[in-house]
Amino acid sequence: MVTPKAYYFDSNATTSVAPEVLQAMLPYLTDRWGNPSSPYRLGKMLVDPIEAARESVAALIGADSTEIVFTSCGTESINTALTSCLYTQPGRRHIVTTAVEHSATKNCGAALEARGYEVTYLPVHADGSLDLEAFERALRPDTAVVSIMWANNETGVLFPIPELAARCRSRGILFHTDAVQVPGKLAIDVQALGVDFLSLSAHKLHGPKGVGLLYVRKGTPFQPLVIGGHQEEGNRGGTENVPYLIAFGRAAELARAVTPAELARLAALRDHLEDSIMTQIPGVTRNGAKEPRLPNTSSLAFAGVEAEALLLLLDQLGICASSGSACTTGSVAPSHVLTAMGLSAPAARSTIRFSLDHDSTEADVAYLLGHLPGLIAELRAAASPRVAARALAASAAQAR
Ligand code: PLP
């Protein structure tokens, strides 16, 4: 099957495997296929490359390589951080997180609640920013961990992690951040962030799907989630996924090489896309604050339009975007992130997320802008005139 040409505006869902990353991992799928725990050369020869990959991902976040635990994905990293904090502090049965986390955190919290733990989901303001007073009020002597994402995957809105982590540290509460959306878009320095745990996933930075990491600050009490062999210093059982670890290391090198000039280009391209849509098409509102925000993400509500229908039309043209986080695609339930920001269910269902990448070009954006106004007009014309007029009026009132 030939892969169709894609105008890809969905890099918060996943990114392509970079050619350099593929080149780096291929020998570990062919000649170097041993088990790193084996006593003979075919296995032992893999130990140094894995450690080099560990050094590389550690360098991406300003950590020491001994503070890195490789995992199978961002979701596993997040689950590991939360459960570790509960296992190592049995007297503390309360978790604080936000109402806008990725389902990896949200549903882990729900599962822990079903097992008798207590979880506080902090509200956000209409612009997606955190309610800091609610944050202060939520911290308790029995809080085991505060887990707050750095960058929201749907809106790109950033939370003030250094400030939040410092407030937790001063009260002796462990702090985890889901930084899955951040690499290659912002510089990461775990020392400046002051976090105890941080989760990443390779497929958001041009590595393969199915490999992630958990940063665990030196000296932080830790208990594994995946219990088995002695791999990862006993911190995560399971034979190492060698090709993917090597790939993650190479992807981290590429993410570290992203220049400030490239980040400025990305932000300018995103702004051009967002501004053009908002000036060329009536009834469009941005979800979330303009700043502080990831430089690549734009979440826009198109009044009176069903995002799922728009996505199908865009797909016919080879344009890939998202109606919310990837994990909710296929379900018509409005995004929990957007509803937590106060959007009505119809406004949430009219939202499209465009997420650009270092591969995105002006020509890609021009192609999208060339088609989008016509598609929106078509969908609005197909809706009943009364419904469309009401949606446009509501959108205009919200914009005022
Ligand atoms: N956290 C955020 C913010 C994400 O965007 C994602 C993936 O979409 C995850 C966690 C989960 O990562 P993974 O797909 O590696 O499990």
Side-chain angles (χ1 to χ4, degrees), residues 8-17 21 57 60-61 68-83 97-111 121 124 128 130 147-159 161 176-186 188 193 195 197-215 225-226 236 238 241 244-245 247-248 251-252 255 287-288 292-299 320-331 335-338 340 353-357:
Y8 193 67
F9 293 92
D10 205 14
S11 67
N12 287 12
T14 197
T15 59
S16 59
V17 173
V21 170
V57 296
L60 176 66
I61 62 171
I68 302 297
V69 180
F70 281 123
T71 65
S72 69
C73 58
T75 302
E76 183 191 323
S77 304
I78 293 165
N79 277 247
T80 304
L82 300 189
T83 51
T97 184
T98 78
V100 296
E101 300 293 312
H102 185 270
S103 51
T105 305
K106 180 175 168 273
N107 293 341
C108 182
Y121 299 90
V124 293
L130 202 60
S147 182
I148 295 186
M149 68 198 322
W150 188 354
N152 189 276
N153 46 301
E154 294 194 31
T155 61
V157 168
L158 304 177
F159 286 148
I161 298 303
H176 165 255
T177 191
D178 167 0
V180 165
Q181 288 295 341
V182 178
K185 302 170 197 162
L186 299 175
I188 309 177
L193 288 171
V195 297
F197 300 92
L198 177 145
S199 294
L200 292 187
S201 177
H203 75 101
K204 308 291 185 178
L205 53 139
H206 294 282
K209 292 151 203 50
V211 57
L213 71 78
L214 179 64
Y215 158 80
L225 175 68
V226 180
R236 199 263 182 189
N241 187 352
Y244 282 48
L245 301 188
F248 197 1
N287 301 317
R293 191 167 50 140
L294 286 176
N296 76 319
T297 307
S298 179
S299 170
C320 308
S322 163
S323 61
S325 80
C327 303
T328 56
T329 300
S331 122
S335 142
H336 69 278
V337 173
L338 300 176
R353 175 189 71 187
F354 300 101
S355 49
L356 283 67
D357 186 34

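Read the numbers this way: they start at 1 and go in the same order the structure lists the ligands and their atoms.
Classification of the Phe70-Phe248 ring pair by plane angle, with boundaries at 30° and 60°, yields tilted.
Of the candidates Asn153, Val180, Asn107, Asn153 is the only one forming a side-chain contact (heavy atoms from CB on, under 4.5 Å) with His102.
No side-chain donor-acceptor contact under 3.5 Å links Thr15 and Asp357. Side-chain atoms of Asn12 and Asn296 include a donor-acceptor pair closer than 3.5 Å.
Using a 4.0 Å heavy-atom cutoff, His203 is listed among the residues neighbouring ligand 1. Not a single heavy atom of Glu76 sits under 4.0 Å from any atom of ligand 1.
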Take Glu154 and Ser335 through the test side-chain hydrogen bond (donor to acceptor under 3.5 Å, both in side chains) and record every step on the way to the result.
-> CA-CA 9 Å; Glu154 294 194 31; Ser335 142; 2.7 Å; yes
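The proximity of Thr75 to ligand 1, defined as any non-hydrogen pair under 4.0 Å, involves the side chain as well as the backbone.
Close approach of ligand 1 to Ser201 (heavy-atom distance below 4.0 Å) involves ligand atoms 13 (P), 15 (O).
Residue Gly74 places at least one N or O, backbone or side chain, under 3.5 Å from an N or O of ligand 1.
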